[in-house]
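Have a look at the structure below before the remarks.
In listed order, ligands and their atoms are each counted from 1. Predicted, not measured: the structure shown is a model, and the values here were computed from it. The figures here come from the full heavy-atom set of this structure, side chains too, leaving out hydrogens, waters and symmetry mates.
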Amino acid sequence: MPLIAILNGPNLNLLGLRQPEIYGRETLADVERACAALAADLGHETRFLQSNWEGQLVDWIHEARGEAAGLVINPAALTHTSVALLDALNAYEGPVIEVHISQVHRREAFRHHSYVSLRADAVIAGAGTQGYLLALRRIAALIEPESPQG
Ligand code: CA2
């Protein structure tokens with residue numbers, strides 16, 4: 001079964017535990033379970049990871065090369081700061097979808113710019129944690145040879 005890697009950046013381990021008015025009440029473990037269930041329905045398996053460390057995320061993107069058919073990433077605050085993540089993603093050959101739980105364009109100006117968007121094949125923001133599931137469906141369509149444009 002083709003593997004889809006789902007990477008999560010700093011502080012997302014607090015999902016559902018703080019700031020529910022912005023990020024909702026679901027925990028990251030809930031999101032992981034929902035992603036695994038949908039991926040199984042779509043005939044894929046998932047590797048769901050979170051780190052507070054930029055270098056760890058870079059290493060996981062490197063590991064995804066040759067292992068994962070597609071990548072879903074919520075880089076969290078590193079979205080707005082990290083050329084290192086952009087460079088790592090540029091060295092990854094498969095489809096990349098950037099997800100943000102909140103509608104970043106309705107928030108502070110510093111959240112409006114994303115380095116990762118320079119590489120992402122699609123960006124989903126403001127759909128809550130459902131954004132991860134939308135991203136999985138799109139990745140599945142992109143890596144499905146019969147219907148590459150889904
Ligand atoms: O909306 C998103 O998914 C973000 O990527 C979340 C990041 C933020 O810096 C981005 O601008 C948008 C923050 C992740 C921190 O998540 C928390 C969740 C619950 C409580 C505290 C932090």
Is there a donor-acceptor pair under 3.5 Å between the side chain of Ser82 and the backbone N or O of Thr79? no
Tell me if a side-chain donor or acceptor on Ser51 pairs with a main-chain N or O of Trp53 at a distance below 3.5 Å. yes
Residues Arg47, Glu67: salt bridge by 4.0 Å N-O rule: yes
Show me a pair-per-line table, with atom names and distances to 0.1 Å, of protein N or O atoms that are under 3.5 Å from an N or O of ligand 1.
unit_1, atom_1, unit_2, atom_2, d
ligand 1, 1 (O), Ile101, N, 3.2
ligand 1, 1 (O), Ser102, N, 2.8
ligand 1, 1 (O), Ser102, OG, 2.6
ligand 1, 3 (O), Asn74, ND2, 2.9
ligand 1, 3 (O), Ile101, N, 2.7
ligand 1, 5 (O), Asn74, OD1, 2.9
ligand 1, 5 (O), His100, ND1, 2.9
ligand 1, 9 (O), Ala77, N, 3.4
ligand 1, 9 (O), Arg111, NH1, 2.9
ligand 1, 11 (O), His80, NE2, 2.7
ligand 1, 11 (O), Arg111, NH1, 2.9

Test side chain to side chain donor-acceptor pair (under 3.5 Å) on Glu98 and Ser117; report intermediate values, then the result. CA-CA 7 Å; Glu98 176 183 348; Ser117 293; 2.7 Å; yes
Answer whether the closest heavy-atom distance between the side chains of Leu89 and Tyr115 falls below 4.5 Å. no
What verdict does the ring pair (Phe, Tyr, Trp, His ring centres under 6.0 Å) test give for His112 and His105, after you've listed the backbone C-alpha separation in whole Å, the side-chain angles of each residue and the deciding distance to 0.1 Å? CA-CA 5 Å; His112 299 177; His105 298 287; 5.7 Å; yes
